[in-house]
Asks: 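Here's a structure for you.
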Amino acid sequence: MKINGKFPAWKKKKRKNNDEKRVKNGTNIVSINGISRQNGGQDPNLAMLSVKKKKRLRKKKINGTAKIQMKEELMNSTVQMTNGVLTKKTNMEMKQIITASSPPKTKIQSMTPKSVNNNSTPISKKPNAAIPSKNAEPKPKNSPREDATYEKFIRPQLPIDVVEQQLMHELASQETLIVIGETGSGKSTQVPQLCVRAGIAEKGLIAVTEPRRVAAVSLASRVAVEMGTDLGGTVGYHVRFENVTSHRTKIEYMTDGIVLRKALVSPLLDKYSTVIIDEAHERSLHSDVLMCILRKCQAQRRSTDNPLRLIIMSATLQADKFQAYFDNAKVVLVSGRTFPIEIHHVNPKINKSFSATDYVYNTVICVKHVHLTEPKGHDILVFLTGSEEIEAVAHQLAELNGSLPREADFILPVPLYAALRPEKQREAFQKTPQGARKVIISTNIAETSVTIPGIRVVIDSGKVKTKRFEASNRIDVLKVHNVSKAQAKQRAGRAGRDAPGKCYRLYTREDFQKFDAENMPEILRCNLSATFLELMKLGMKNPHRLGWIDPPESQNIDAALLELTSLGAIRPINSDRSKFVLTEMGDVFCMYPLSPEHARILFQAQKEGCIMEAIKIVAAMQTDALFSGGSDSKSDAEVERVRRKFETREGDHITLLKIVLTTNDFFDQLNAKTEADARYNKSNKSLEREYNEAIRKFCNDNMINEQHLKTGSMIEDQLKQIAIEQNVKFSTCGADLLKIRKAIAVGLFLNSCEYDRQEDRYRLMINPAITVKIHPSSALSRSKPAYIVFSELMKTNDLYALQVTLIDADWVRPLITEHKKIRKNHLAETAQRIQQIAKVEPKTKKQKLIVTF
DNA sequence: GAGCACTGC
């Protein structure tokens with residue numbers, strides 16, 4: 001998947017001149033398709049816009065205002081819920097609401113929730129008259145360009161301004177602070193700046209962690225504008241493949257995963273005086289792990305001259321958990337800035353045409369109702385669970401147009417989900433044509449990851465598809481669940497970004513009351529092995545005794561320990577078998593951003609002498625499907641024909657290798673041609689156009705997803721870089737594919753299966769009670785070899801093995817025997833430990849506050 | 001012969 005590195009010379013030069021100041025460890029790769037979600041450095045909010053609009057906005061960037069305004073909309077999207085209010089409002093009342101909310105008034109929460117009452121900061125209602133200048137940050141003298149460009153910027157008022165003095169005071173005096181503020185409060189952009197103004201940044205950087213790349217990049221650029229500095233100057237960001245910071249940087253926006261990687265190299269994180277964890281309420285795996293290790297880190301730095309300050313920022317009022325976890329830390333509340341939203345629940349007594357079970361049917365009925373009753377021009381956003389449902393509804397809505405009254409507008413259904421090709425995704429952001437109403441039918445991608453302008457009505461099915469890990473059988477189960485109350489609120493809020501909105505919920509109010517309050521934290525529903533490996537690198541010995549906000553189930557913890565032990569990454573300490581340490585191999589695994597199984601493949605490949613091939617395959621395994629056939633234009637037969645082209649008898653991993661090698665050849669030829677063209681004085685512009693056009697055609701002909709290809713290529717480079725740092729001797733096996741299959745078999749040996757002719761299914765070798773089917777998308781689904789390994793087991797309607805490779809049973813048998821031995825000991829010890837715990841600690845309810853590694 | 005939400009290093 002070699003796209004970058006061999007970049008035409010003309011492109012490299014151009015880049016270098018523009019980006020001298022930037023510190024980039026990523027790859028300078030041209031945007032293959034121009035617009036992408038995983039964009040390399042370009043503004044993520046611009047990324048979703050049409051090319052024309054983008055150009056327009058770029059032009060305006062000189063005076064800063066256009067971009068700022070747009071960011072303002074995107075960053076401070078305003079939400080207010082009139083939760084549960086069903087009353088219809090008259091036009092007059094609606095007008096009043098609109099005048100009252102535009103511009104939305106700053107409102108400060110005067111009441112404090114019960115849970116945080118005793119230690120929360122009382123917030124003054126008086127508007128703050130003496131707010132220090134927003135540009136108090138001294139401007140760097142050596143960069144006149146920055147001053148000229150951004151000097152005149154004055155940011156609009158935000159709700160957080162009112163508590164500014166209060167916050168400054170608390171920031172200076174508290175070791176840990178919890179800031180609760182709903183969307184639009186301005187906390188993500190202002191709190192880091194307040195830290196700088198409070199003088200906290202003198203001792204070290206301010207780190208701000210975000211769960212998504214887009215957020216880290218766009219917040220950094222916004223704050224850079226506000227502080228009158230270049231991106232990468234006083235304010236920078238660091239996400240995977242992209243480090244835009246410099247020695248001058250004081251505020252560093254990062255994804256939470258990056259901070260974790262940094263902690264692995266420098267466990268005390270002493271470069272940072274403050275770590276701000278944003279969006280803590282989302283409870284992402286990384287942010288939970290971070291809170292866990294930062295608490296420990298804080299304790300260790302407490303007595304030094306460089307103590308660590310923690311700020312936990314959350315959008316929901318359920319602060320009690322965080323407060324208890326951080327030793328009764330102070331809580332500051334800031335209100336959001338929002339437009340009101342009318343909530344309508346289904347009432348079965350009135351809405352007789354609704355089905356009790358079929359929410360897809362109800363969706364169509366509801367869209368029709370809304371379309372015929374709501375004012376023209378109000379676009380609709382529908383939340384459903386998956387691509388199949390979405391395409392079905394889109395189809396039915398398109399057909400509905402035939403039966404609408406003559407005066408009604410046209411319904412324009414627009415599907416939106418992550419697996420959709422980028423150019424199709426872009427349609428959701430295009431302006432609605434005259435005489436039509438856009439109905440965007442989306443998965444939960446539209447909940448947080450992307451923001452669509454112009455939405456006035458939300459239709460919420462109340463359902464979401466989530467993946468949960470079944471530790472007992474090591475299976476991922478993908479199932480439709482009810483959303484949480486917080487999630488339903490988030491969805492409704494999407495209707496109130498630009499103006500007052502409405503939300504139709506396709507479930508009764510009684511149903512809503514039964515929903516969980518919050519989303520289930522990721523740590524409770526995923527395989528913990530990779531996380532434990534990282535924590536053990538940091539010195540954790542017994543994960544059962546680690547202080548989590550929500551501790552994972554014992555069974556899940558044990559499953560991860562067993563997996564890591566079997567893979568040879570950790571071993572129990574002889575003196576105390578409930579404690580574990582990393583093995584030498586485990587120490588190497590940690591350096592790779594991979595699951596322990598995938599790291600094991602690389603380790604084995606090194607022994608077998610096929611590390612180059614292994615890196616290509618493992619990198620491709622990290623991306624989503626490279627093939628992007630299905631749903632649009634191309635027929636099933638066509639998709640099948642292209643797929644066959646790459647299929648190999650050895651299985652899907654070798655198929656991946658074939659695709660990557662084919663692509664490499666293509667890029668070699670394309671780059672050679674482009675460089676030759678450059679010598680004939682073709683303009684850079686036309687060269688770039690032809691280059692991108694050729695890539696697009698290649699991907700289209702081969703049904704390869706450009707975006708995933710690009711990501712895979714960058715991961716390949718990253719893995720190679722790490723391998724170099726680990727002094728790995730590079731080797732290639734050429735056409736001898738047996739070696740690479742062996743490496744794959746060893747890494748994935750826990751997933752090896754034997755064919756059962758009678759059942760016509762595969763039995764898991766580590767647990768013969770479980771039988772699985774090879775997914776029909778696999779190259780081996782028809783040939784049914786005797787022994788296979790797979791990448792992943794997925795439970796949908798049946799239990800399917802995904803990504804399958806043909807193996808020799810002798811490669812894995814010794815490993816399986818060893819695994820069974822370990823499991824037996826492990827189980828005996830687990831049983832013993834459980835007995836001991838039951839004796840010593842009868843039902844301890846209160847959570848320990850001291851971290852015990 | 002099925003059909004897979006979303007992130008992140």
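In this text, all values refer to a predicted model and were calculated from it rather than measured experimentally.
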Asks: Do NZ/NE/NH1/NH2 and the carboxylate oxygens of Glu389(A) and Lys465(A) come within less than 4.0 Å?
Replies: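 Salt bridge between Glu389(A) and Lys465(A), a charged N being under 4.0 Å from a carboxylate O: no.
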
Asks: Could you give the CD-to-P distance, from Gln622(A) to dT7(B), as a whole number of Å?
Replies: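 Result: 16 Å.
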
Asks: What contact category does Arg212(A) fall into here, base, sugar-phosphate, or nothing, at under 4.0 angstrom with non-hydrogen atoms?
Replies: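 Arg212(A): backbone/sugar contact only, no base atoms under 4.0 Å.
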
Asks: Ser781(A) near the nucleic acid: base, sugar-phosphate alone, or nothing, with a heavy-atom cut-off under 4.0 Å?
Replies: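 The residue Ser781(A) makes no contact with any strand.
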
Asks: Considering only dC6(B), dG3(B), dC9(B), which nucleotide approaches the side chain of Glu388(A) most closely?
Replies: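 Ranking dC6(B), dG3(B), dC9(B) by closest atom to the Glu388(A) side chain puts dG3(B) first.
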
Asks: Does a side-chain N-to-carboxylate-O contact under 4.0 Å join Glu447(A) and Arg494(A)?
Replies: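 No salt bridge links Glu447(A) with Arg494(A).
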
Asks: Select one nucleotide: of dA2(B), dT7(B), dA5(B), the one nearest the side-chain heavy atoms of Ile445(A).
Replies: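 The closest nucleotide is dT7(B).
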
Asks: Using the ring of each side chain (for Trp, its six-membered ring), is Tyr755(A) parallel, tilted or perpendicular to Tyr762(A), with breaks at 30° and 60°?
Replies: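 Tyr755(A) vs Tyr762(A) ring planes: tilted.
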
Asks: The side chain of His286(A) is closest to which nucleotide in this list: dC6(B), dG3(B), dG8(B)?
Replies: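 Per side-chain heavy atoms of His286(A), the pick is dG8(B).
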
Asks: Between Glu534(A) and Thr466(A), which has a closest nucleotide on DNA chain B that is more 5'?
Replies: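 Comparing both residues, the 5'-ward one is Thr466(A).
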
Asks: Salt-bridge test for Asp550(A) and Arg283(A): reply yes if a basic N is under 4.0 Å from a carboxylate O, no otherwise.
Replies: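 Counted as a salt bridge, because a side-chain N and a carboxylate O are separated by less than 4.0 Å.
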
Asks: Tyr800(A) near the nucleic acid: base, sugar-phosphate alone, or nothing, with a heavy-atom cut-off under 4.0 Å?
Replies: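 If one applies the 4.0 Å heavy-atom cut-off, Tyr800(A) turns out to touch the sugar-phosphate alone, with no base involved.
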
Asks: Is the distance from OP1 or OP2 of dA5(B) to the nearest side-chain N or O of Ser387(A) less than 4.0 Å?
Replies: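 Result: yes.
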
Asks: Rounded to the Å, how far apart are Lys479(A) NZ and dG3(B) C1'?
Replies: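 Taking atom C1' of dG3(B) as the reference, NZ of Lys479(A) is at 18 Å.
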
Asks: Could you tell me whether the phosphate oxygens of dA5(B), OP1 or OP2, come under 4.0 Å of any side-chain nitrogen or oxygen in Arg468(A)?
Replies: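 No, outside the criterion.
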
Asks: Does OP1 or OP2 of dC4(B) have a side-chain N or O of Lys465(A) closer than 4.0 Å?
Replies: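 Indeed, a polar side-chain atom of Lys465(A) lies that close.
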
Asks: Any base atoms under 4.0 Å from Ser284(A), or only sugar-phosphate, or nothing? Heavy atoms, all strands.
Replies: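 The answer is nothing, as Ser284(A) stays clear of every strand by at least 4.0 Å.
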
Asks: In whole Å, I'd like the distance from the CG atom of Leu528(A) to the P atom of dG8(B).
Replies: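 So the two atoms are 20 Å apart, to the nearest Å.
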
Asks: What's Asn797(A) touching, base or sugar-phosphate or nothing? Going by heavy atoms closer than 4.0 Å.
Replies: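 Sugar-phosphate, backbone atoms only, no base.
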
Asks: At 4.0 Å (heavy atoms only), tell me whether Ile258(A) reaches a base, stays on the sugar-phosphate, or touches nothing.
Replies: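 Answer is sugar-phosphate: Ile258(A) comes under 4.0 Å of backbone atoms only.
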
Asks: Do any side-chain nitrogens or oxygens of Ser449(A) fall under 4.0 Å of OP1 or OP2 in dC6(B)?
Replies: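 No, outside the criterion.
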
Asks: Pick the nucleotide of DNA chain B nearest each of Lys467(A) and Arg782(A); which residue has the one closer to the 5' end?
Replies: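 The answer here is Arg782(A).
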
Asks: Expressed in angstrom and rounded to an integer, what is the separation of Leu594(A) atom CG from dG8(B) atom P?
Replies: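 Spelled out: CG on Leu594(A) to P on dG8(B) is 17 Å.
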
Asks: Heavy atoms under 4.0 Å, any strand shown: does Thr255(A) hit a base, just sugar-phosphate, or nothing?
Replies: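 It contacts sugar-phosphate atoms only.
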
Asks: Compare the minimum distances between each of dT7(B), dA5(B), dG3(B) and the side chain of Glu522(A), then state the nucleotide with the smallest one.
Replies: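 The listed nucleotide nearest to Glu522(A)'s side chain is dT7(B).
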
Asks: Looking at Arg474(A) and Glu597(A), does any basic side-chain N land under 4.0 Å from a carboxylate oxygen?
Replies: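 Glu597(A) and Arg474(A): salt-bridged.
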
Asks: Base, sugar-phosphate, or nothing: which does Leu802(A) touch, judged by heavy atoms less than 4.0 Å apart?
Replies: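 Result for Leu802(A) = base.
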
Asks: Please work out if Thr448(A) contacts a base, only the sugar-phosphate, or nothing of the nucleic acid, heavy-atom cut-off 4.0 Å.
Replies: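 Thr448(A): no heavy atom of the nucleic acid under 4.0 Å.
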
Asks: Output yes when Glu282(A) and Arg212(A) qualify as a salt bridge under the 4.0 Å nitrogen-oxygen rule, no when they do not.
Replies: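 So Glu282(A) pairs with Arg212(A) through a salt bridge.
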
